[in-house]
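Below: the structure, in structure tokens.
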Amino acid sequence: MRSRHKKDRPYQIRKTGIKDENIDRQILVLHKAMLDKLCATPDLLPGVLDTLEKRKELGRLGHGAYLTWYCALEQLTDAPDKMYQALLEDSPRMRKLRRQTPLVGILNEQERQEALQAQALGQTTVQVLLGQ
């Protein structure tokens, strides 16, 4: 007879609920707004890179995640479209990375609320945010 206990499965079933989808959409909208502000004010980049370095040193950020953020942010001045594509990518990995963003402190509360309200109606996708 086969065991039907979850702990006996060699795999894990992950269900993504509507709440997680809504949170990911909000995070995506906020990241678009943060990247827009970062492009308009490149002087903010050193603070973001400092946050990234500190998190790596404290062990709060793995090497792969560090490289992903660093390489994408490095494109700010030369190829901002590549930075947008990388950081707004709709993949499970980037959704996970955006939940622990180093882009803290970029938006003030008013900018944050405006970004969320601007996208409050309708479904937001990366293509919509990028104007494609």
Here the pair of heavy atoms bringing Glu111 nearest to Leu107 is OE1-CA, 3.3 Å
The reported gap from CH2 in Trp69 to CE in Met94 (rounded to nearest 0.5 angstrom) is 5.0 Å
Between the OH atom in Tyr66 and the CD atom in Glu57, the distance rounded to the nearest 0.5 Å is 9.0 Å
Got Leu73 and Leu76 here, is their nearest side-chain heavy-atom distance under 4.5 Å? no
The single option from Arg95, Arg93, Glu89 that satisfies side-chain hydrogen bond (donor to acceptor under 3.5 Å, both in side chains) with Ser91 is Glu89
Review point. If we only count heavy atoms from C-beta on, is the Leu30 to Arg98 side-chain gap below 4.5 Å?
Key: no
CE of Met83 to CD of Glu74, rounded to nearest 0.5 Å, is 12.0 Å
- For side-chain contact (heavy atoms from CB on, under 4.5 Å), just list the numbers for Gln75 and Asp81, CA-CA rounded to whole Å, side-chain angles, deciding distance to a tenth of an Å, and then say yes or no. CA-CA 8 Å; Gln75 301 298 318; Asp81 56 323; over 6 Å; no
Worksheet item: Would a hydrophobic clustering, with Ile, Leu, Val, Met, Phe, Trp and Tyr connected at side-chain separations under 4.5 Å, put Val29 with Ile23?
Response: no
(Q) Same cluster or not: Ile106 versus Leu116, using hydrophobic residues (I, L, V, M, F, W, Y) connected whenever any side-chain heavy atoms lie under 4.5 Å apart? (A) yes
Separation between CG (Leu44) and NZ (Lys37), nearest 0.5 Å, reads 6.5 Å
- Is there side-chain contact between Leu35 and Lys32, with heavy atoms separated by less than 4.5 Å? no
_Gln100 atom CD, neighbour heavy-atom count above 12 within 6.0 Å_ = no
All heavy atoms of Ala65 vs all of Leu97, minimum pair found to be CB-CD2, 3.4 Å
For residues Arg55 and Thr51, determine if any side-chain heavy atom of one lies less than 4.5 Å from a side-chain heavy atom of the other.
-> yes
Q) Under a single-linkage definition using a 4.5 Å side-chain heavy-atom cutoff for Ile, Leu, Val, Met, Phe, Trp and Tyr, are Leu67 and Tyr84 assigned to the same hydrophobic cluster? A) yes
Value for CD (Gln110) from CD (Glu114), rounded to nearest 0.5 Å, stands at 4.5 Å
Output for pair (Arg112 CZ, Met34 CE), nearest 0.5 Å, gives 9.5 Å
